[in-house]
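Just below is one structure, and these are the notes that go with it.
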Amino acid sequence: MTEWKTGQTKNGLSYFLLSQKNLGKTMAALVVKRGANHLLWRKADGATMTFPQGTAHFIEHKLFQQEWGDAFTKFAQNGASANAFTDAEKTVYYFSCRKAFGENLHLLLDFVQKPYFIEEDTEREKEIIVSEITMYQDDPQWLVYYLLLEAMYAVHPVREQIAGTEESIRKITADILQKAYDVYYTTENMALVCVGDFSVREVLRLAEQFERRETDWQPVVHNEPADIVEKYREERKNLSCPLFQIGFKLPPISKKERLRQRILWGFVLELLAGESSPFFRRAYEAELLDEPLGAAFFCGEGYAFTVLSGTGEQPDEVAELLAEQCRWMQKNGISEKAFLRIRKKMIGRFLRRMNTAEELCMGQIEWAMAEAPAEEVLHTIKSIRGEEVEKLLQNALRVDTMVLALIR
Amino acid sequence: MGMAVRPRCRIFVLDGQKYKTNVFALFLDVPLRRKTATKTALLAEVLKRRNLHSVTQKAEELFGAVWDVNIVKKGEHQLLVFSLEMLKAVDVAEGVDFLRELLKAENIFSTETVERQKRILKRQLESRKDDKKAFANRRAMEETAKGTNFAVCADGYAEDLAEIDEKSLYAYFIEILEQTNAYLFFCGERTEKGKLLSLRKVFSGKYTSKTEPTEDGCGKRKPQFLSERDCMEQARLVLGFSADTDTAGRRAALLLCSQILGGDGNSLLFQQVREESGLCYDVRSAISPLAPYFFMQAGIKAEDAKRAGKEMLQCLKKLQEQPVSKERLKQAKQAVLQEYAAIADTPWAMVDFFAEQVLQDRPLSLDTFLRTIRRTDTEDVIRAAKRIRLQTVYLLGEQAKIWEKGERQR
């Protein structure tokens, strides 16, 4: 497996570089390890500052707008395709191209460092973001996810929508965007990920020019209770088939544990509810489920949870069957045969995602949050033992923190 | 000059030396017709879910091989697709055995199995309207292509399920196995081709030439205005157009039109309807695969429908009347070329592109098509834009209302 080159520039910008020919496109991403959750900030002297919900996402929308024009257009002129996204923990700006990589990388590193927030643009952008928020209101997957989070979390901002609400967006001004930018976009909280055919030396030369930016402000980690808010939430949207999510609220995980825990939870979810699990077999035979539940694990500062998503007329019965399976596994452990089969599956899944620069880059963006190069992931998957998975199942998965959210 | 007799199962090996995985995709080419669409869709469900548990475990043992049996719509083709992706560390012969198992007709058509899958498919079909965006796009396609096979839904129709039983479905599967043209695309090492040949035994016989595509009779009809109500926060506006995709050159020009109109953040629709007027977040244009249709779509407030629709049409008019600048055409070409060149980056995109070429029976290499895009000039783009004709204005929303006198509302 080709090795990643990792390190930090003199100004504190982390980098993860995989120089590899034959991938077709070359891709670069600048990861800002600040996202929708980072609303409340504190200084050493105790002063606090709160940003309206949706601020990180608003910055992402407006950063492409530069004093000299639109960075989107400039990327297009350079033959690159650019985009950005914001989630709970991070904001990511990226592009892919087949030529002029150096020029495009220079543009990426440049525009992210030069915000140009003006009131008129900010006001116009609000209409677009409100339209985006409204669009999500018609996406049942999105709605049920936030219903689940509201039932799980009492105070942690992970329960709030990434783009904010119409009300919170209306409060944002160019001045707020600038203040937020100054505390969010600090060099030590940014990472550069590049994958494809490029000169490492040239990339490092450009990365070294990235200026140091620091702040006295630190995001506040919310003291979230270990218990859930409520076990069940439901909303009516006239769906023809109910859509549901079952979540388990988990104890927060320290940064250095996140890589291993993420992989361990992948094992747990496969063994508990994967497509070859006894749970799915029973649910399918009882006509509770037509398809296996989609499974995911999320963690960040002050929170961790799993989500299992599905559709069906009897979500309560599915949740009960899942709880039963969970208790059974906690008591009886996991089958060695099933564990080894799932380990093969996890190895295959990881290697399958190495065909393209996009898959490699997007994968590394996630692992950059845990400050690990992708190759460490494969070693970690291979090192996982059945006893470790059993221990996690017994100690961290509590049926009393299980939540069912449902859109009918 | 005599033509060589083609076997009914044609095997195409695509160079996948650089990938970590081998991809198999077997396409059974069924003509897309209303009377058989539901049967084919049900067949996919039955074939996918028989022995589900043991097949899934087998795939996991093969280092998490990814497999599926599903339906893909390409123009007037309803493709029953058996697909498999597995690591190169796994022997290709194991993949071939896996596919052969999926194709077996024995012991799967019990009354219980078929009735269960009918219930599953019915639920899936009924829940399609829960995805408002996809539902609006599909309805716009149905209306734009009305009266042609392009309008047929490849996922099937809930109301057609009742008349299918295990006997008729089994007979239909045998008919498909015995008569349908099959295309096996393998993206991997060329040296492995010998291991694939055994799959031909499942599809003995000769390749049959295709049925004639239906005429598209909507080229000169008056535009239809249709609004439908649904419980939703944001309305979806879709404009459906007929377009000319007869030759590779015209397809290339239409692709560039679409890129300039609504392909990215630099496009006319994005800059006008979103950035300038602030009417929406999501606005774009799209071309249907292997079908002579073009669409523009946006998520808007229902009360802005008329204004947004007008602005979208003005963007098209601008493209029809004003020559696009050399710089803008160059950018659009770069974007389309990048998109098409990226086909060679993933095995699935390679399979999809080459399958489209084979289905059109006028195979074109990726390089040839890229050259065609490079050759396209401003005049070609204007001509392509002028051949785009409005057929349908479709609005889906909570307060969807009649547009003008004589327009339909549901």
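Convention: sequence-line order gives letters A, B, ...; per-chain numbering from 1. Side-chain atoms are counted along with the backbone in the values below, which use heavy atoms only and exclude waters and symmetry mates.
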Looking at every non-hydrogen atom in both residues, tell me the closest pair between [X] and [Y] and how far apart they are.
X        : Y        : answer
B:Phe63  : A:Arg352 : O-NH1, 4.4 Å
B:Glu233 : A:Asp138 : N-OD1, 2.6 Å
A:Ser240 : B:Ser127 : OG-CA, 2.9 Å
B:Gln334 : A:Gln77  : OE1-O, 3.4 Å
A:Lys25  : B:Ala342 : CE-CB, 3.6 Å

Counting only non-hydrogen atoms closer than 4.5 Å, does [X] touch chain A with its backbone (N, CA, C, O), its side chain (CB onward), both, or neither?
X        : answer
B:Lys48  : side chain
B:Arg123 : side chain
B:Ala341 : both
B:Arg328 : neither
B:Leu87  : side chain

With distance as the sole criterion, is a donor-acceptor pair present between the side chains of [X] and [Y] under 3.5 Å?
X        : Y        : result
A:Glu275 : B:Thr56  : no
B:Asn266 : A:Thr73  : yes
A:Ser81  : B:Gln338 : no

### Task
Measure from NZ or CZ of B:Arg49 to the centre of the six-membered ring of A:Tyr284, then state whether that distance is under 6.0 Å and the direction lies within 45° of the axis.
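Checked: cation-pi criterion not met.
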
Less than 4.5 Å apart, side chain to side chain, heavy atoms only: is that true for [X] and [Y]?
X        : Y        : value
B:Leu62  : A:Lys345 : no
A:Asn355 : B:Thr346 : no
A:Phe280 : B:Leu52  : yes

Is [X] in contact with chain B via its backbone, its side chain, both, or neither, using a 4.5 Å heavy-atom distance?
X        : result
A:Phe75  : neither
A:Asp70  : side chain
A:Gln141 : neither
A:Thr311 : neither
A:Glu287 : both
A:Leu23  : backbone
A:Ile342 : side chain

### Query
Is the A:Tyr136 ring parallel, tilted or perpendicular to the B:Tyr281 ring (thresholds 30°, 60°)?
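Because their plane-to-plane angle lies in the 30° to 60° range, the rings of A:Tyr136 and B:Tyr281 count as tilted.
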
Can any side-chain N or O of [X] pair as donor or acceptor with the backbone N or O of [Y] at less than 3.5 Å?
X        : Y        : value
A:Asn238 : B:Cys231 : no
A:Arg349 : B:Ala65  : no
B:Gln234 : A:Gln137 : no

### Query
When you check the gap from the basic side-chain N to the acidic O, do A:Lys237 and B:Asp230 get nearer than 4.0 Å?
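Answer for the salt bridge query: no.
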
So which of [options] has the biggest tally of heavy-atom pairs under 4.5 Å with chain B?
options                      : answer
A:Leu239, A:Thr356, A:Ile407 : A:Leu239
A:Gly79, A:Cys241, A:Gly312  : A:Gly79
A:Lys99, A:Glu291, A:Met346  : A:Glu291
A:Ala357, A:Pro140, A:Cys97  : A:Cys97
A:Met135, A:Arg98, A:Glu127  : A:Arg98

Selection from [options] maximising heavy-atom pairs under 4.5 Å formed with chain A:
options                                : value
B:Lys301, B:Glu126, B:Arg119           : B:Arg119
B:Glu61, B:Lys133, B:Lys129            : B:Glu61
B:Asp282, B:Ile120, B:Asp345           : B:Asp345
B:Gly299, B:Cys280, B:Gly265, B:Ala332 : B:Cys280

Heavy atoms of other groups near [X] [atom1], more than 12 under 6.0 Å:
X        : atom1 : answer
B:Glu112 : CD    : no
A:Glu167 : CD    : no
A:Lys74  : NZ    : no
A:Glu120 : CD    : no
A:Glu317 : CD    : yes
B:Lys330 : NZ    : no

### Message
Before you tell me yes or no, could you show the steps for A:Ile128 and B:Glu275 under side chain to side chain contact (heavy atoms under 4.5 Å, CB included), namely the whole-Å CA-CA distance, both residues' side-chain angles and the distance that decides it to 0.1 Å?
### Response
CA-CA 8 Å; A:Ile128 296 168; B:Glu275 297 295 301; 3.7 Å; yes

### Query
CG of A:Leu351 to NZ of B:Lys88: how many Å apart, nearest 0.5 Å?
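Result: 12.5 Å between the selected atoms.
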
### Task
State the CZ-CD distance between B:Arg116 and A:Glu285, to the nearest 0.5 angstrom.
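Between atom CZ of B:Arg116 and atom CD of A:Glu285 there are 9.0 Å.
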
### Message
Under the criterion salt bridge (Lys or Arg N to Asp or Glu O under 4.0 Å), I'd like the reasoning laid out for A:Lys344 against B:Glu60: C-alpha separation, chi angles, the key distance, then a yes or no.
### Response
CA-CA 7 Å; A:Lys344 276 186 170 181; B:Glu60 286 177 345; over 6 Å; no

### Task
Carefully, step by step, assess A:Arg124 and B:Glu276 under the rule salt bridge (Lys or Arg N to Asp or Glu O under 4.0 Å).
CA-CA 9 Å; A:Arg124 195 168 47 218; B:Glu276 189 60 36; 5.3 Å; no

